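These numbers come from a predicted model, not from an experiment. Note on naming: letters A, B, ... go to the chains in the order of the sequence lines (proteins, then strands), and numbering restarts at 1 for each one.
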2 protein chains.
Amino acid sequence: MATTKAQAKAEYNAFMAVCPSRQLLDRISNKWVVLILCALGGDVPDASDQPGASHAPKAMRYSELSRLLAGVSQKMLTQTLRALERDGLLTRTVTPTVPVTVTYQLTGLGLSLHHLTRGLRHWAQTHMDQVLANREKNDAQAF
Amino acid sequence: MATTKAQAKAEYNAFMAVCPSRQLLDRISNKWVVLILCALGGDVPDASDQPGASHAPKAMRYSELSRLLAGVSQKMLTQTLRALERDGLLTRTVTPTVPVTVTYQLTGLGLSLHHLTRGLRHWAQTHMDQVLANREKNDAQAF
DNA sequence: GTGCCTACTTCCCGAAAGAAAGCAGGTCTC
DNA sequence: GAGACCTGCTTTCTTTCGGGAAGTAGGCAC
C-alpha cells in the first residue's frame with residue numbers, strides 16, 4: 001500500500017523530468033509566456049492608474065502584443081501564442097476586415113494562470129531595488 | 001507634468017526590454033529557477049502529506065538538489081545557484097567536513113518569491129489534465 | 001602512490017532564440 | 001493591370017544557450 005502511494009506520488013511529482021506537470025511547469029516558466037499572460041490579462045502599465053479596475057482579460061491584436069512586449073521577435077511571438085492556444089490558455093480569432101485582424105484573448109484557464117504571472121511581475125517590480133543592491137554588494141566582494 | 005509621469009512609468013514598466021524589472025522577470029521566468037525555489041522552499045512532494053506543515057525554508061546540499069531536480073545538468077545547477085546567490089535570493093554555505101559540504105538556503109527575499117513559484121507548481125499540477133485535454137482536442141482538429 | 005568523495009569547471013556540439021528578409025492575401029491608387 | 005501599401009505570419013541565417021560528458025581541486029583512506 002505504501003508502495004502504491006509512493007508510486008502515485010511519483011507520477012504527479014513536478015520535480016520528475018518525465019512528469020507531465022513538470023513539462024507544463026517548464027512551458028509556463030518562460031519569459032514570453034509570462035509577459036503574454038500579463039499583457040492579455042489586462043496587467044498593463046496604464047491600468048495601474050485605476051487600482052482594482054481594468055484588470056480584466058483584454059483581447060489584443062498580434063501587432064499590439066508585438067509593440068507592447070518590446071524585444072520579442074515575430075517568430076517567438078507566433079510560436080508562443082500558438083503553443084498557448086494549443087494548451088487552451090487563449091483563443092485566436094481571425095476577423096476578415098480591411099487588412100486581416102487577428103485577436104488573442106485569455107480563456108478561463110489562462111486567466112487563472114494570469115493571476116500568478118501578475119504576481120511574478122509585481123514581485124519583480126517591487127523587489128527590483130533589493131535585488132540590484134544585492135547584486136552590487138556581491139559583485140564588490142568578488143575583489 | 002504629464003510627460004514626467006509618463007517617463008517615470010516607462011522606466012518602471014516590466015514590458016520594456018531595457019527596464020531592470022523586466023530583466024529580473026526574465027531571470028525568474030526560468031524553469032530551473034522556479035524548480036530550485038520550490039525545492040529550497042520546502043515545497044517538496046513528501047511535505048504534501050502534512051498539509052500546512054514543513055513548508056519551511058529548507059537548506060539543501062548541492063547533491064540533494066541535483067538528485068531532486070531530475071534532468072538538471074551540473075553546469076546549469078551551478079550557474080543558476082550562483083545567479084540566485086548574486087541576486088540575494090539564497091545563501092551559499094561551505095562547511096569543510098570530511099568531503100566538503102555546500103548547502104544552499106533561501107533568504108527572506110527568496111522566500112517571498114518562493115510563495116509565487118509554489119503557486120506556479122501547484123497550478124501546473126492541478127490544471128495539467130485540462131491542458132492535456134485541450135492539447136489533444138486541438139491536435140485532433142488539425143486534420 | 002592509487003583511488004574515492006563532493007562540488008564544481010571546461011569543452012564540445014546540437015537545439016533553441018533572435019534578426020532580418022520574404023510571402024500571402026487583401027485594398028487602394030493610378 | 002502594375003505597383004504600392006497593410007497585417008500577420010513563415011523562412012532563412014546567425015548567434016547564443018543549454019545538455020552531456022569528461023576533467024579538476026582539495027581532502028582523506030588505504
Which nucleotide in dT7(D), dC5(C), dA19(C) has an atom nearest any side-chain atom of Pro99(A): dT7(D)
Taking [atom1] from [X] and [atom2] from [N], how many angstroms apart are they, rounded to a whole number?
X        : N       : atom1 : atom2 : value
Leu65(B) : dC8(C)  : CG    : C1'   : 14 Å
Met76(A) : dA17(C) : CE    : P     : 4 Å
Arg61(B) : dA7(C)  : CZ    : C1'   : 9 Å
Asn30(A) : dA16(C) : CG    : C1'   : 11 Å
Met60(A) : dG8(D)  : CE    : P     : 12 Å
Lys75(B) : dT6(C)  : NZ    : P     : 23 Å
Gln74(A) : dT7(D)  : CD    : P     : 11 Å
Arg67(A) : dT7(D)  : CZ    : C1'   : 11 Å

Spell out, as yes or no, whether a donor-acceptor pair under 3.5 Å connects the side chain of Arg135(A) to the backbone of Asp87(B). no
Counting only side-chain N and O atoms of [X], is one of them less than 4.0 Å from OP1 or OP2 of [N]?
X         : N       : answer
Ser63(A)  : dG8(D)  : yes
Arg92(A)  : dG8(D)  : no
Tyr104(B) : dA7(C)  : no
Trp32(A)  : dA16(C) : no

With rounding to the nearest 0.5 Å, note down the distance linking [atom1] in [X] to [atom2] in [Y].
X         : Y         : atom1 : atom2 : result
Gln79(A)  : Met76(A)  : CD    : CE    : 3.5 Å
Leu90(A)  : Leu37(A)  : CG    : CG    : 7.5 Å
His122(B) : His127(B) : NE2   : NE2   : 7.5 Å

Considering all heavy atoms of both residues, which atom of Ser112(A) and which atom of Trp123(B) are nearest to each other, and what is their separation?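 Ser112(A) and Trp123(B) have their closest heavy atoms at OG-NE1, 2.9 Å.
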Identify whether any heavy atom of Thr101(B) sits under 4.0 Å from a base atom; if not, whether one sits that close to sugar-phosphate; answer base, sugar-phosphate or nothing.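 Answer is sugar-phosphate: Thr101(B) comes under 4.0 Å of backbone atoms only.
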With sugar-phosphate meaning primed atoms plus P, OP1 and OP2, does Thr97(B) contact a base, only sugar-phosphate, or nothing at under 4.0 Å between heavy atoms?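 Here Thr97(B) touches no strand at all.
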